Structure formats: structure tokens, C-alpha cells
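Owing to the predicted nature of the structure, the values given are computational and were not obtained by experimental measurement.
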Amino acid sequence: MMKSKSELFQQVRAIDPVSQTDRIVDVWLENGRIKAIAEEPIADYPADTIVRDGRGLILGPGLVDLYSHSGEPGFEERETVASLMEAAIAGGFTRVALLPTTNPPVDTPATLSLLSAKVDALSRVQVSMWGALTRGVEGKQMAPLAELAGAEVVGFTDGQPIANLLLLRRLLEYARPLAKPIAIWPAIPALVANGTMREGPLSIRLGLPGIPVDAETAAVAALLEMVAQTGTAVHIMRVSTARSVELIAGAKQSGLPVTASTSWMHLLLDTSAIAPQNAWGFLPYHPSLNLAAPLGNGGDRQALVAGVGEGIIDAIAIDHSPHTYEEKTVGFQSAPAGAIGLELALPLLWQKLVETGKLSALQLWQSLSSSPARCLQQEPASLTVGAPIEAILFDPKAAWTVNATSLHSRSANTPWWQLSIQGRAIRQWNYNNLQGGDRSHG
């Protein structure tokens with residue numbers, strides 16, 4: 001933690017989804033708070049103020065990740081809580097919510113306290129824990145939800161499909177009075193079977209088992225019917241198909257209490273990235289393109305981007321899923337699903353969606369900050385004069401290579417490994433955190 005000081009950023013681009021503003025301003029920070037924001041040059045400031053040229057830089061509220069995997073406890077060779085926090089800081093995230101898929105899983109207050117103690121000792125970013133919906137996240141028996149709610153989990157999810165629809169219905173009924181977020185990954189395991197990529201002409205040509213669209217959409221439809229009957233608010237996670245976007249749009253129009261998220265990689269990539277010839281320079285059949293949910297077809301990706309722009313898809317989740325070199329250095333079909341993303345999401349989304357005009361800067365920042373915070377029932381950070389600052393400074397032109405030297409994560413399972421990208425979070429202020437902080441990364 002660095003000592004608080006007076007700093008003035010001149011002519012920085014300030015993006016704030018809460019106030020729906022995107023403008024060039026001077027921003028004066030003092031003692032961990034925003035002292036002033038002005039479109040005219042700020043001239044009245046203490047003599048010891050550090051004045052910085054903010055031209056070309058972006059100041060925005062800290063990013064919020066709805067769900068990611070921690071390797072610790074149980075899989076520390078993949079990721080520790082400490083390395084995950086460093087990756088989050090380097091990627092511009094001031095808040096992260098961890099899935100209960102550790103070993104042991106976070107399905108009792110005792111296992112929750114185990115992980116909470118580790119998080120509290122480090123206090124690098126604001127970390128929340130999801131509690132499991134079922135014991136062992138196995139989808140067979142309800143976890144002690146009331147006890148977990150009393151132990152202050154941020155909400156409930158298995159991070160896995162729940163195949164037993166009767167159990168899912170009972171979970172929604174029981175969890176409703178607990179008033180915590182409930183996140184469901186809609187997928188029908190019997191339809192997923194041994195599939196590893198989205199079903200279609202390309203899966204046939206590549207000889208990879210396909211996962212049909214209705215493995216997701218049938219589960220979404222069933223879930224929405226349960227929401228309509230129980231009135232329980234639900235967050236639909238890992239949306240990956242155009243038809244799911246349509247179903248969720250209809251549910252929202254009819255007033256159902258649902259929110260939704262997709263992963264950052266599903267907005268950038270589709271099944272064509274897996275093919276031997278692709279526009280990204282990836283290795284063919286890259287095992288880090290084996291994701292859960294699988295990458296959609298081109299139409300799915302376009303519908304997801306449009307869904308984010310229209311607010312049908314509320315949030316972009318990182319779903320950071322670290323795996324070791326040995327786990328991922330296998331054939332595409334044998335690789336465990338998932339890829340890392342905390343350090344890569346903002347620069348690649350900015351480069352490929354904002355700079356190409358597919359999303360506005362405000363739309364992207366909202367889906368990565370204020371909207372996921374609201375999905376977690378948290379107050380979103382904003383650039384408010386007088387408030388403690390929870391923000392990042394982002395350089396969209398900073399070029400860097402994704403490698404062992406530049407990454408803070410313990411794992412390297414990303415198709416962008418050894419490739420050059422543009423954009424990096426270079427500062428983070430997190431004075432909403434219990435211990436506060438001002439951290440720099442280059």
C-alpha cells in the first residue's frame with residue numbers, strides 16, 4: 001500500500017456508467033477521495049500535488065467479476081488466492097466473486113470460513129464468495145442455504161448444471177426468502193453428452209463431437225418457467241446462444257425477475273477460432289478454446305454482442321478458469337474446459353468491440369462494472385466527488401506480450417499465449433476496500 005497523496009490528472013477520459021458520462025476532464029484525487037472533477041482546467045490545488053498528463057488514458061470505476069474459479073483450496077498448483085488477486089489487480093478488477101468449486105467446495109459455513117480467512121489476510125481486492133446450492137456441487141442434495149446465508153456468502157450457485165429439475169425447483173422455492181442472488185448455468189447434461197464444441201457444419205468437418213443449441217435453450221426455457229411460477233429472482237450465467245438471448249429478452253419484457261451474463265470470450269470468439277484456419281493466429285484445436293459453455297457459432301456471437309449493447313445481457317463475466325500446463329497440454333477433446341481471463345478481458349474487449357464500434361465505451365464499462373455489481377446486490381462504484389475512489393487507470397494503447405513475465409496468474413491456459421495485444425490497466429485505487437490502497441502495474 002502506498003501513502004495517500006494529492007494527484008491531478010489533466011485531460012483524462014473519465015467513463016462513469018453510474019452517471020452515464022464519458023468526457024474529457026481534469027480529476028483531482030486527495031487522501032483516497034475524489035476532490036474535484038471539472039471539464040475546465042483545475043488550477044487551485046496544493047503545491048505538493050503531483051500533476052500527471054492524462055491525455056490518451058481512461059479513468060473509470062473498478063471492474064467487477066461476477067464469477068471466477070480459485071484454485072485454492074485444493075488446486076493451488078493452478079492458482080492461489082494471492083495470485084488470483086494479483087491477476088485481478090493487473091486486469092483492472094477491484095471486486096471478484098469466487099465460485100464454490102474448490103476442494104472442499106464452499107457448501108458449509110466451515111469451508112466458507114476457511115477461504116474467507118485467507119482472503120481477509122491478503123485483502124488485495126474485494127473478494128466475495130458464492131455458496132454452493134447443493135452439497136459437494138454435485139446437484140443431488142440441497143446445501144444448508146440458510147446457514148450459508150448467515151455466514152454472508154454473496155449468493156448461491158453450483159457453477160455446474162443442475163440436471164434434477166425437481167431439485168432445482170425446490171432450491172428456488174427455499175432460497176427465495178433468503179434474498180440472495182442465485183446464479184444458474186442452464187445446460188442439460190444428457191444433451192451435452194460427450195460434446196466439446198457447438199454442433200454445426202464446422203463440428204462435423206473438424207470431427208469433434210457437437211453440443212446442440214437446445215442443450216442450453218431447453219434448460220433456459222425450463223428455468224424461466226420455474227421463475228414465472230416461483231417468483232424467485234435468478235441470474236442466468238454463461239449464456240452462449242442467440243436463441244437464449246431471445247428467450248431472456250422475452251422474459252424481461254414480461255416482467256420476470258431475471259438477469260443474465262455471458263463470458264468475455266464468447267463476445268470475441270466463435271467456433272471458427274477452433275478451425276485450422278482462423279483470423280486470430282491461434283494454433284488449430286487450441287485446448288484453451290474448449291470452454292464451458294462452448295463457443296457459439298458466428299450468429300451466436302453477434303447476438304451476444306447485440307444483447308450486451310441492448311441490456312438483455314446485463315453483465316460480462318470473466319469466468320477465470322486456471323488449469324496447469326499438464327492439464328491443458330492434451331488433445332482438444334480431452335482438455336478440461338476453461339481459460340484464464342482476468343488480465344486479458346478489458347484490453348481485448350476494448351480493442352475488438354469498442355475500437356471497432358460494436359459497443360460504446362460506456363456500454364462495455366457498464367457491463368464490466370456497475371451491472372455485475374448490481375447483479376451481486378452491491379452498490380456500484382462511481383466517479384463521485386467526495387466519495388472514496390474505487391477506480392482504475394487504463395491505457396488502451398499500451399502494447400504487451402502475453403507470457404510468463406507479463407502475467408500474474410499461475411496458469412497460462414489462454415489462446416493468446418505469446419501473442420501481442422494492446423491495452424493495460426496501469427493503476428488501481430481501491431479505497432472502498434477495508435484497508436484501502438493505491439496500486440500501480442506496468
Side-chain angles (χ1 to χ4, degrees), residues 1-2 62-91 93-138 142-160 175 178-183 317-324 340 342-343 372-373 376-379 381 388 390 408-411 428-439:
M1 187 174 4
M2 299 171 63
L63 308 184
V64 180
D65 183 25
L66 263 178
Y67 42 87
S68 278
H69 296 268
S70 168
E72 187 177 10
F75 307 102
E76 288 83 355
E77 67 277 8
R78 298 175 180 169
E79 196 83 280
T80 64
V81 172
S83 64
L84 184 140
M85 287 186 177
E86 289 300 324
I89 292 168
F93 289 86
T94 54
R95 308 183 200 178
V96 177
L98 299 181
L99 290 167
T101 52
T102 50
N103 186 19
V106 183
D107 60 356
T108 66
T111 52
L112 174 66
S113 64
L114 234 163
L115 192 51
S116 296
K118 187 72 175 180
V119 167
D120 293 343
L122 294 167
S123 190
R124 299 289 286 147
V125 295
Q126 298 176 62
V127 175
S128 306
M129 268 75 68
W130 288 94
L133 278 166
T134 68
R135 290 191 180 273
V137 295
E138 294 177 346
M142 188 183 300
L145 304 185
E147 294 178 30
L148 285 166
E152 298 186 352
V153 293
V154 72
F156 303 104
T157 185
D158 269 8
Q160 305 287 344
L178 301 177
K180 293 276 188 180
I182 301 167
I318 308 307
D319 208 1
H320 181 83
S321 303
H323 290 285
T324 65
I340 60 171
L342 286 169
E343 299 171 74
L376 293 169
Q377 297 180 5
Q378 296 175 349
E379 186 68 25
E390 181 184 337
H408 295 74
S409 173
R410 278 197 169 191
S411 292
Q428 182 191 111
W429 298 265
N430 199 2
Y431 286 91
N432 280 326
N433 196 355
L434 292 175
Q435 296 183 21
D438 176 351
R439 302 174 180 95

Practice problem: Could I get the full list of salt bridge (charged side-chain N to carboxylate O under 4.0 Å, His left out) partners for D65, not counting sequence neighbours? | Solution: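 None.
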Would you mind reporting whether [Y] and [X] have side-chain heavy atoms less than 4.5 Å apart?
| X | Y | answer |
| --- | --- | --- |
| P109 | L148 | yes |
| L114 | V106 | no |
| L342 | S409 | no |
| L99 | M129 | no |
| Q378 | Q126 | no |
| V127 | V125 | yes |
| V153 | W130 | no |
| K118 | P73 | no |

Quiz item: Can you pull the side-chain hydrogen bond (donor to acceptor under 3.5 Å, both in side chains) pairs that have at least one residue in residues 106-117, sequence neighbours excluded?
Solution: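 Qualifying pairs, neighbours excluded: T108-T111.
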So, for [X] and [Y], which heavy atoms are closest and what is the spacing to 0.1 Å?
| X | Y | answer |
| --- | --- | --- |
| A90 | H408 | CB-ND1, 3.5 Å |
| R95 | A373 | NH1-CB, 4.0 Å |
| G91 | L63 | O-CD1, 3.9 Å |
| L84 | H69 | CD1-O, 3.3 Å |
| R78 | R410 | O-CB, 3.2 Å |
| A132 | F156 | O-CD2, 4.2 Å |

[X] and [Y]: side-chain donor and acceptor closer than 3.5 Å?
| X | Y | answer |
| --- | --- | --- |
| T134 | D158 | yes |
| T324 | E77 | no |
| S83 | E79 | yes |

Could you tell me the separation between the [atom1] atom of [X] and the [atom2] atom of [Y], rounded to the nearest 0.5 Å?
| X | Y | atom1 | atom2 | value |
| --- | --- | --- | --- | --- |
| I89 | E343 | CD1 | CD | 10.5 Å |
| S321 | Y67 | OG | OH | 10.0 Å |
| I340 | H320 | CD1 | NE2 | 6.0 Å |
| L122 | T80 | CG | OG1 | 8.0 Å |

Quiz item: Does S70 reach the main-chain N or O of V81 with its side chain, forming a donor-acceptor pair under 3.5 Å?
Solution: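 No.
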Practice problem: Please check if the side chain of Q428 supplies one atom and the backbone of G62 the other of a donor-acceptor pair under 3.5 Å. | Solution: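 Not confirmed, Q428 side chain does not pair with G62 backbone.
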Quiz item: Considering residues, nucleotides and ligands other than E76, do more than 12 of their heavy atoms fall under 6.0 Å from its CD?
Solution: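 Enclosed.
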